[in-house]
Amino acid sequence: MTNEEITTLTDLTKTIELKVKLPELEEVKEGYVRKYYIVREHDGKVTVIKDVKLSDDGKHLVFESSEFSAYAIAYNDVVDTTDIPSVLKTGGNIIMLVTLGFVSIAAIGIAFNN
């Protein structure tokens with residue numbers, strides 16, 4: 001036996017990339033995409049890591065951390081908006097387009113009445 005002391009390493013001086021295998025999950029419904037998160041408990045504090053990427057093979061989650069902690073996988077299935085034009089994704093732009101449409105209709109009406 002040696003006289004070396006065994007300690008627990010919980011904090012690192014820089015971040016490292018961690019890779020976690022995904023469990024079997026139900027299929028994502030058509031028209032939805034799955035957003036993954038990592039929930040981390042470290043020293044009694046719970047935080048959510050949102051910058052989580054799906055590996056190329058779709059079997060792992062990849063994220064960075066500078067803490068060795070307890071981790072849990074969380075996900076949320078949300079409506080897939082990739083096919084919706086970006087101008088329609090924000091309420092402000094929709095209001096602007098509707099207003100512009102009404103102004104155009106009014107201008108056409110005035111032009112025909114003169």
Side-chain angles (χ1 to χ4, degrees):
M1 263 180 117
T2 65
N3 290 335
E4 293 180 23
E5 183 178 333
I6 298 175
T7 61
T8 303
L9 179 64
T10 59
D11 295 298
L12 304 171
T13 57
K14 62 180 183 174
T15 60
I16 61 170
E17 184 177 271
L18 300 170
K19 187 176 183 181
V20 179
K21 183 174 168 84
L22 276 171
E24 292 289 326
L25 298 171
E26 64 183 50
E27 293 280 328
V28 180
K29 293 179 185 175
E30 188 175 336
Y32 286 80
V33 293
R34 184 160 287 160
K35 297 201 180 244
Y36 291 98
Y37 308 94
I38 297 292
V39 180
R40 174 181 58 208
E41 187 277 325
H42 186 79
D43 290 337
K45 181 180 176 188
V46 176
T47 55
V48 176
I49 300 172
K50 296 180 181 178
D51 188 17
V52 178
K53 309 243 183 313
L54 190 59
S55 64
D56 291 338
D57 65 6
K59 296 180 181 180
H60 298 86
L61 295 179
V62 181
F63 61 98
E64 291 186 349
S65 181
S66 61
E67 300 166 332
F68 287 124
S69 309
Y71 295 98
I73 297 170
Y75 67 89
N76 188 21
D77 292 342
V78 296
V79 174
D80 185 1
T81 60
T82 55
D83 291 335
I84 298 174
S86 61
V87 73
L88 298 178
K89 289 182 184 178
T90 61
N93 287 336
I94 292 173
I95 292 170
M96 180 185 69
L97 289 173
V98 169
T99 303
L100 184 61
F102 284 132
V103 170
S104 298
I105 292 170
I108 292 170
I110 291 171
F112 281 115
N113 286 331
N114 286 335

Side chains of [X] and [Y] in contact at under 4.5 Å (non-hydrogen atoms):
X     : Y     : result
Leu22 : Leu61 : yes
Phe68 : Ile16 : yes
Ile38 : Ile73 : yes
Tyr71 : Val39 : no
Tyr75 : Leu25 : yes

Minimal non-hydrogen separation, [X] against [Y], with atom names:
X     : Y     : value
His42 : Ser69 : ND1-OG, 2.7 Å
Ile49 : Phe63 : CD1-CD1, 4.0 Å
Val52 : Tyr36 : CB-O, 3.7 Å
Lys19 : Val62 : CG-CG2, 4.2 Å
Leu12 : Ser65 : CD1-O, 4.5 Å

Interatomic distance, [X] atom [atom1] to [Y] atom [atom2] [nearest 0.5 angstrom]:
X     : Y     : atom1 : atom2 : result
Lys29 : Asp80 : NZ    : CG    : 15.0 Å
Arg40 : Asp43 : CZ    : CG    : 10.5 Å
Leu54 : His60 : CG    : NE2   : 10.0 Å

Check against side chain to side chain contact (heavy atoms under 4.5 Å, CB included), Arg34 and Glu26: CA-CA 11 Å; Arg34 184 160 287 160; Glu26 64 183 50; 4.1 Å; yes
